[in-house]
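Quick note on labels: first sequence line is chain A, next is B, and so on, each numbered from 1. Please read these numbers as outputs of a predicted model, since none were measured by experiment. All heavy atoms count here, side chains included; hydrogens, waters and symmetry mates do not.
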Amino acid sequence: MEFDYMAILDNRSILLSGLANTILISVVSIPAAIIIGVFSCSLRISNSKPLRAIAISYIEIMRNIPLLIIIFMVFYALPFYGLRISGLTTGFICLSLYGGAYFAEIFRGGVEAVSKGQFDASKALGLKYSFYMRCVIFPQLYTYIFPPGTNIALTMIKESSLLSMITVAELTYAAHDVNGRTFTPVETFTTIAILYWTISALFLKLTSKVQSRVDSGNFNAAIDIR
Amino acid sequence: MITTHDDFIIDVRSMSKWYDKFKVLTDINLQVRSGEKIIICGPSGSGKSTFIRCINRLEEHQEGTIVVDGVELNNDVKNIDHIRSEVGMCFQQFNLFPHLTVLENCLLAPMSVRKMSKDEATKLAFKFLEKVKIPDQSEKYPSQLSGGQQQRVAIARALCMQPRVMLFDEPTSALDPEMINEVLETMEELASEGMTMLCVTHEMGFARKVADRVIFMDKGEIVEDRDPVSFFDEPENERTLKFINQVLQH
Amino acid sequence: MDLQFDLVIPKMGPMLMGTLITILIGLVACAVGVLVGTGLLLMRNSRFFILRLFVRIYGSFIRGTPALVQILVFYYALAPLIGINIGPFTAGIMAIGFNSGAYVAEILRGGLSRIPKGQWEAAQALGIPSYKIWFKIILPQVYHSVIPLLVNEFTMVIKITPLLSTITVVELTRASQMLYNETFRPVEVLGIAAVIYFIINFSISQYGEYLQRRSEKYRL
């Protein structure tokens with residue numbers, strides 16, 4: 001079987017714009033999800049029972065219903081109620097809400113993992129709240145939430161492929177498009193698999209760099225204070 | 001002393017071992033006759049555990065020879081398998097298999113290595129479980145037993161392979177004080193039946209009672225190798241004296 | 001616009017069938033995942049560099065590409081390329097199983113790292129050959145210690161089964177699509193599907209958490 005390079009090369013503009021859309025969707029949704037995550041995590045650990053209940057039901061709904069069903073529901077349901085939004089906007093909303101629930105759980109896990117003794121010890125040493133949060137609690141919290149947080153962000157990049165099902169022209173949709181024109185499923189799907197693989201590898205490289213920089217940054221901050 | 005290797009069940013000659021560049025055992029020589037009971041003691045980090053773990057190849061030595069039951073330990077897997085089936089071992093942490101019952105712990109090796117039938121192996125297992133005085137616990141899981149009982153099961157498990165030599169690596173160190181005696185009694189009984197034993201332990205009372213020879217190791221070397229009476233009463237080496245005084249104080 | 005479940009509920013038969021298919025796919029794919037994961041674990045611990053390298057590349061690929069793309073590659077590219085003609089159902093199960101395998105391998109690796117070294121040493125001292133040490137002593141303990149996580153993995157697998165609707169497997173999502181194309185009531189149909197998925201996943205993950213708590217309580 002011949003590998004038909006031309007099918008890919010001739011349609012590279014479709015694939016590249018799909019790739020750009022995938023990156024765009026990720027770049028917007030991931031920060032949105034982190035913000036939603038912080039917000040719903042603070043509801044989840046608040047003292048108010050109704051707020052906790054709201055946060056828990058949001059988190060559990062997002063974690064237990066497949067993303068595709070959520071996407072379909074938003075895509076088909078909103079027009080029924082007269083709200084017309086584009087597939088791309090639907091994608092942003094669903095992906096951010098979906099990731100937000102997972103981020104919320106990760107943040108909660110981090111807060112619970114930093115032991116109460118650390119707070120007690122900081123207070124006993126007479127450290128100021130803002131100081132010990134910055135120099136004692138956050139660095140520890142950070143080591144608990146960064147690796148799983150990276151994973152969720154990566155999952156979101158990958159899950160953006162589901163938006164192809166509601167005709168958002170991201171990378172997977174572009175592949176279907178090219179395949180429809182050229183009937184070269186082997187070439188197109190292998191190509192986008194490699195593209196996704198590359199994005200993931202680059203993303204992981206980037207995050208590990210950020211992590212090491214922040215780690216050493218904390219170290220320097222601790223020295224500066226002296 | 002010139003002898004052929006055949007006279008000794010364990011024959012270690014000029015054996016040395018390194019962890020990377022760090023030398024942990026230096027020029028170890030030890031000859032053990034069938035039926036001898038040897039106690040090995042020494043401060044922590046002296047290499048005594050490493051030494052007996054070399055005898056069944058849980059650790060690899062780099063220089064010298066170790067001959068067990070006429071078979072030399074080298075990279076030949078056949079030799080290693082043979083020696084491991086002839087040498088039983090008990091560990092500080094017992095290392096019973098937690099997902100198997102006491103009886104299954106005892107059956108596993110005889111059935112899979114010796115290819116015994118289940119009936120035969122069961123009969124054998126009960127013989128040794130009776131010897132260590134816990135036949136009635138055979139259907140329990142290790143986590144349901146006390147530390148002393150677990151160590152006795154571990155002894156029975158090793159005996160089920162009907163080994164010619166038993167190695168003990170600090171068998172009572174992980175036990176609560178009230179359980180030490182039940183294990184030592186089991187070991188004494190085993191010794192009285194003529195089992196060849198190499199035992200790393202700090203139980204000096206036990207050493208006096210059963211040992212034919214006591215070996216003192218320090219910094220990876222054998223410092224003394226003598227009968228227990230003269231070992232305890234007139235040690236030659238200063239390091240030995242210091243160690244004995246420290247241990248007996250407790 | 002009002003919800004009109006009465007138009008949908010009498011025609012729910014295929015959706016219930018789809019639910020059963022979803023659960024069936026989940027079970028079989030999970031079994032494939034455990035087999036693949038175990039294979040990867042053994043290869044990872046083998047002394048051959050090439051096998052260890054394969055495990056790394058495999059894991060990197062599965063984690064680095066969307067499950068949807070893996071399913072498309074498996075169904076449209078890999079299966080025809082190696083000349084096997086399998087239907088979408090089998091291809092889908094295999095693709096999900098291979099996906100799950102990489103994650104199961106990680107779970108098993110975590111379990112393996114908690115098995116004390118003494119277990120190997122005791123078994124070696126008894127002269128038990130290494131393949132028997134793996135299958136009779138180490139793996140049973142590893143599986144036992146990760147049961148809650150494997151239960152959780154089952155919910156992960158259930159959550160990617162809707163992707164099989166793209167390759168025309170009539171599981172719950174596809175059955176729902178067919179129903180709302182017929183009745184033009186997507187909100188009601190998808191709502192019912194969402195509830196069904198929620199019930200399946202929520203009950204399984206609660207059970208997983210119960211197992212997790214229990215295993216922590218009884219840990220030695």
Geometric class of the A/Trp197/C/Phe61 ring pair [parallel <30°, tilted 30-60°, perpendicular >60°]: perpendicular
Residues, nucleotides or ligands: over 12 heavy atoms within 6.0 Å of A/Phe39 CZ: no
A/Glu60 vs C/Phe198 side-chain heavy atoms within contact, under 4.5 Å: yes
Residues, nucleotides or ligands: over 12 heavy atoms within 6.0 Å of C/Ile50 CD1: no
Which atoms of C/Ile71 approach chain A - backbone, side chain, both or neither, heavy atom under 4.5 Å: neither
Check: A/Lys158 and C/Leu68 side chains under 4.5 Å, non-hydrogen atoms: no
Interchain contact, A/Ile61 with chain C, by part (heavy-atom threshold 4.5 Å): both
Structural part of C/Tyr180 lying under 4.5 Å from a heavy atom of chain A: side chain
Residues, nucleotides or ligands: over 12 heavy atoms within 6.0 Å of C/Arg52 CZ: yes
Per-residue contact mode, A/Thr198 against chain C (heavy atom under 4.5 angstrom): neither
Nearest heavy-atom neighbours spanning C/Lys159 and A/Arg63: NZ-O, 2.6 Å
Under 4.5 Å from any heavy atom of chain A - which part of C/Gln177: side chain
Option in C/Thr173, C/Val189, C/Ile204 with maximal non-hydrogen atom pairs under 4.5 Å from chain A: C/Thr173
Any C/Leu163 side-chain heavy atom under 4.5 Å of A/Leu162 side chain: yes
For chain C, the option from A/Pro66, A/Ala201, A/Ala175 that forms the most heavy-atom pairs under 4.5 Å: A/Pro66
Residue pair A/Ile65 / C/Val195, side-chain heavy-atom distance below 4.5 Å: no
Atom group of C/Phe74 that falls short of 4.5 Å from chain A, counting heavy atoms: neither
From A/Leu68 atom CG to C/Thr166 atom OG1, the distance as rounded to the nearest 0.5 Å: 8.5 Å
Contacts with chain C made by residues 97-113 of chain A (heavy-atom distance under 4.5 Å), listed by residue number: A/Tyr102
Shortest non-hydrogen contact from C/Val187 toward A/Tyr76: CG2-O, 4.4 Å
Side-chain touch A/Ile69/C/Tyr197, heavy atoms, less than 4.5 angstrom: yes
CE (C/Met43) with more than 12 external heavy atoms under 6.0 Å: yes
Which portion of C/Thr155 sits near chain A, non-hydrogen atoms under 4.5 angstrom: neither
Side-chain heavy atoms of C/Val69 within contact of A/Phe189, under 4.5 Å: no
Interatomic distance, C/Leu72 atom CG to A/Asn179 atom CG [nearest 0.5 angstrom]: 9.0 Å
Per-residue contact mode, A/Ser161 against chain C (heavy atom under 4.5 angstrom): both
Greater than 12 external heavy atoms within 6.0 Å of A/Arg52's CZ: yes
Donor-acceptor pair, side chain of C/Asn201 and main chain of A/Asn64, under 3.5 angstrom: yes
Heavy-atom contact with chain A under 4.5 Å, split by part of C/Ser165: side chain
Smallest separation among heavy atoms of A/Ala193 and C/Thr65, with atom names: O-CG2, 3.2 Å
